[in-house]
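Being a predicted model, the structure only gives us computed values, none of them experimental. One is the number of the first residue; the rest follow in order along the sequence.
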Amino acid sequence: MNNELQKGHPDGLDKSEATKTAFIGAAALMLPSLLPGLSSGLQFLAPGVAACFLDYLEDFRVKASLLGGVFLLGGVILLLLGKPEAMLLLAQSFAIAAILLIASWAGRPAPETLLSCSLCLAVLSGTILFLATGGRPHKAYDTVIQEVATEFDQGVEIYKKNAGEQVPPQLNEIMGQVKETMITYFPAIIGLIFIFLSLTNIYAFTMCAKVRRNQHVIGPEFQRWKMPPWLIWAFIVSGFMAIYPEDKMAILGKNAVTVVSVFYLIQGFAVMKFFFQTMKTPAFVRWLVYLLIGIQWYGLLMIIFTGLMDNWFDFRQRLEKNRKGLEE
């Protein structure tokens with residue numbers, strides 16, 4: 001158990017406090033599936049908050065049993081309400097909360113938790129799609145792609161009507177390229193959503209745990225985040241797949257390398273934050289750099305490259321050594 005311990009966690013909880021904590025955790029877990037109008041926003045925070053409240057309970061078996069019971073009860077409620085389609089949201093919330101609780105109990109680091117959570121969401125969604133389509137997920141995927149392309153074309157047509165005669169003649173070509181890129185990288189876009197969903201819930205769990213003074217917080221601090229070493233092989237393999245002559249393999253590789261690159265983008269930002277803190281860079285300079293990176297796409301590539309190279313050069317350790325050498 002190598003979590004960051006927080007002082008103040010009670011040695012025992014009375015029944016009323018335990019019941020209140022469990023109820024809040026259960027309610028937070030079910031909210032995204034019960035409130036479809038707010039599900040998009042709640043899904044990015046509620047599972048992490050739910051895991052935080054359930055983690056406040058002492059016995060891991062109690063936490064696991066309660067989490068499973070809430071999932072089963074939520075499924076029954078959704079069926080009674082005639083909302084079986086919301087089961088996917090409930091299953092995703094359950095998966096995120098379960099992984100956060102396991103990571104907290106086992107003392108796993110945040111980057112590993114991020115990878116586990118993102119992969120679990122991808123496998124869960126793929127499994128549900130497979131079962132819902134009777135073993136024909138590719139047909140459902142093709143249908144979704146067609147709907148996305150149709151909605152995109154409709155949006156372009158609405159823009160043309162509103163713009164009137166001011167529409168440049170090159171618009172059709174540009175929009176065609178955008179649509180083609182969006183369709184090609186649609187799996188990667190879904191993957192990015194899963195990564196961001198996992199990231200925000202880890203932060204929600206961590207912030208809530210610190211406020212509630214839970215015994216465990218999933219660490220380390222962001223400036224110390226470093227992806228597992230084996231992930232670099234996923235980047236290398238997907239990179240070779242992306243340049244494979246066969247189209248389907250190349251598309252799969254391009255999507256995979258895009259998703260893996262996001263993890264190294266996160267690690268690159270962690271290195272940058274560490275550098276800013278170590279060098280005591282003023283806040284306005286930090287935000288100016290972040291702004292420039294955000295508006296210049298090659299800035300993001302530099303951050304990804306930094307995250308990749310950190311696997312071999314360990315920039316943070318080198319910076320610490322150099323700083324100690326100067327102080328001595």
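- Both Ile243 and Val257 belong to a single network of hydrophobic side chains, linked directly or stepwise wherever heavy atoms of I, L, V, M, F, W or Y lie under 4.5 Å apart.
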side-chain contact (heavy atoms from CB on, under 4.5 Å) evaluation trace for Lys248 with Leu252
CA-CA 6 Å; Lys248 290 185 179 180; Leu252 179 60; over 6 Å; no

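- Classification of the Tyr290-Phe276 ring pair by plane angle, with boundaries at 30° and 60°, yields perpendicular.
- For the pair Glu221 and Lys226, the salt-bridge criterion is not met [side-chain N within less than 4.0 Å of a carboxylate O].
- With a 6.0 Å radius and a threshold of 12 heavy atoms from other residues, nucleotides or ligands, Trp312 has its CH2 atom above the threshold.
- Open room surrounds CE on Met302; 12 or fewer heavy atoms of other groups in view lie less than 6.0 Å from it.
- By the 6.0 Å and 45° rule, Arg212 stacks over the aromatic ring of Tyr56.
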Walk me through whether Gln43 and Asn201 qualify under side-chain contact (heavy atoms from CB on, under 4.5 Å).
CA-CA 8 Å; Gln43 191 75 352; Asn201 276 290; 5.7 Å; no

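- Checked by atom type and distance alone, the side chain of Ser118 never pairs as donor or acceptor with a backbone atom of Leu115 at under 3.5 Å.
- In this structure, Lys139 NZ and Arg136 CZ are separated by 4.5 Å, a value rounded to the nearest 0.5 Å.
- One N or O on the side chain of Gln267 and one on the backbone of Gly307 form a donor-acceptor pair closer than 3.5 Å.
- A donor-acceptor pair under 3.5 Å links the side-chain atoms of Thr200 to the main chain of Phe44, judged by distance alone.
- Side chains of Ile183 and Phe152 form no contact here, defined as non-hydrogen atoms less than 4.5 Å apart.
- Counting heavy atoms from C-beta on, the side chains of Val211 and Met207 never come closer than 4.5 Å.
- Contact annotation: the side chain of Phe194 never approaches that of Cys117 to less than 4.5 Å [non-hydrogen atoms, C-beta and beyond].
- Between Ile77 and Leu34 the shortest side-chain heavy-atom distance falls below 4.5 Å.
- Note on Leu231: it clusters hydrophobically with Phe240, by side-chain heavy-atom contacts below 4.5 Å among ILVMFWY residues.
- Between Trp287 and Phe284, a ring centre-to-centre spacing not shorter than 6.0 Å is recorded.
- When all heavy atoms of Leu100 and Ile202 are compared, the pair lying nearest together is CD2-CG1, 3.8 Å.
- To the nearest 0.5 Å, the span separating CD1 on Ile96 from OG on Ser198 amounts to 5.5 Å.
- Between the side chain of Trp225 and the backbone N or O of Ala110, no donor-acceptor pair lies under 3.5 Å.
- Judged by distance alone, the side chain of Thr278 and the main-chain N or O of Phe275 form no donor-acceptor pair under 3.5 Å.
- Leu300 contributes atom CG, which lies 11.0 Å from atom CD1 of Ile295 (distance to the nearest 0.5 angstrom).
- Other members of the hydrophobic cluster containing Phe53, listed by chain and number, are Ile24, Val49; membership follows side-chain contacts under 4.5 Å among ILVMFWY residues, whether direct or relayed.
- Counting non-hydrogen atoms of neighbouring residues, nucleotides and ligands closer than 6.0 angstrom, the CE atom of Met241 exceeds 12 such neighbours.
- Note that the CG atom of Leu301 and the OG atom of Ser261 stand 8.5 Å from one another [nearest 0.5 Å].
- Counting non-hydrogen atoms of neighbouring residues, nucleotides and ligands closer than 6.0 angstrom, the CZ atom of Phe196 reaches no more than 12 such neighbours.
- Leu114 and Leu199 get closest at one heavy-atom pair: CD1-N, 3.6 Å.
- Smallest separation of non-hydrogen atoms from Leu129 and Ala140: CD1-CB, 3.7 Å.
- Surrounding CD of Glu246 are more than 12 heavy atoms belonging to other residues, nucleotides or ligands, all under 6.0 Å away.
- Val123 and Ile102 are not part of a single hydrophobic cluster, where members link through side-chain heavy atoms under 4.5 Å apart.
- Residues forming a side chain to side chain donor-acceptor pair (under 3.5 Å) with Arg224 (at least two apart in sequence, or on another chain): Glu320.
- Cluster partners of Leu131, by chain and number: Phe130. The rule joins Ile, Leu, Val, Met, Phe, Trp and Tyr whenever side-chain heavy atoms lie under 4.5 Å apart.
- Here the closest non-hydrogen pair linking Leu42 and Leu35 is CD1-CD1, 4.1 Å.
- For Lys273, the salt bridge (charged side-chain N to carboxylate O under 4.0 Å, His left out) criterion is met by no residue, not counting sequence neighbours.
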Could you walk me through whether Ile189 and Thr258 pass the side-chain contact (heavy atoms from CB on, under 4.5 Å) test, one step at a time?
CA-CA 9 Å; Ile189 294 172; Thr258 300; over 6 Å; no

Please output the side-chain donor-acceptor pairs of residues 79-90 that fall under 3.5 Å, not counting sequence neighbours, one pair per line with the distance.
none

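- In this structure, Asp310 contributes its side chain and Thr306 its backbone to no donor-acceptor pair below 3.5 Å.
- By the 4.5 Å heavy-atom criterion applied to side chains, Tyr203 and Leu45 are not counted as neighbours.
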Review item, side-chain donor-acceptor pairs of residues 62-70, under 3.5 Å, at least two apart:
from: Lys63; atom 1: NZ; to: Asp55; atom 2: O; distance (Å): 3.3
from: Lys63; atom 1: NZ; to: Asp55; atom 2: OD1; distance (Å): 2.9
from: Lys63; atom 1: NZ; to: Leu57; atom 2: O; distance (Å): 3.3
from: Ser65; atom 1: OG; to: Arg61; atom 2: O; distance (Å): 2.8

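- The hydrophobic cluster containing Ile218 also contains Phe263, counting ILVMFWY residues as joined when their side-chain heavy atoms lie under 4.5 angstrom apart, directly or transitively.
- The two residues Leu29 and Ala97 make their nearest non-hydrogen contact at CD1-CB, 3.8 Å.
- By the 4.5 Å heavy-atom criterion applied to side chains, Leu78 and Ser33 are counted as neighbours.
- Arg318 contributes a side-chain N or O that, together with a main-chain N or O of Phe313, makes up a donor-acceptor pair within less than 3.5 Å.
- Closest non-hydrogen pair, Arg316 versus Phe274, comes out as CG-CD2, 3.2 Å.
- Lys179 NZ to Asp153 CG: the interatomic distance, rounded to the nearest 0.5 Å, is 3.5 Å.
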Audit row: Leu319, Val271, side-chain contact (heavy atoms from CB on, under 4.5 Å) steps and yes/no
CA-CA 10 Å; Leu319 183 61; Val271 173; over 6 Å; no

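- The shortest distance between side-chain heavy atoms of Ser125 and Gln92 falls below 4.5 Å.
- At a threshold of 4.5 Å between side-chain heavy atoms, the hydrophobic network of Ile, Leu, Val, Met, Phe, Trp and Tyr places Leu192 and Phe235 in one connected group.
- More than 12 non-hydrogen atoms from other residues, nucleotides or ligands lie less than 6.0 angstrom from CD of Gln296.
- Inter-residue side-chain proximity for Ser104 and Phe205 is flagged as met; some heavy-atom pair is nearer than 4.5 Å.
- Tyr264 contributes atom OH, which lies 4.5 Å from atom CG of Asn311 (distance to the nearest 0.5 angstrom).
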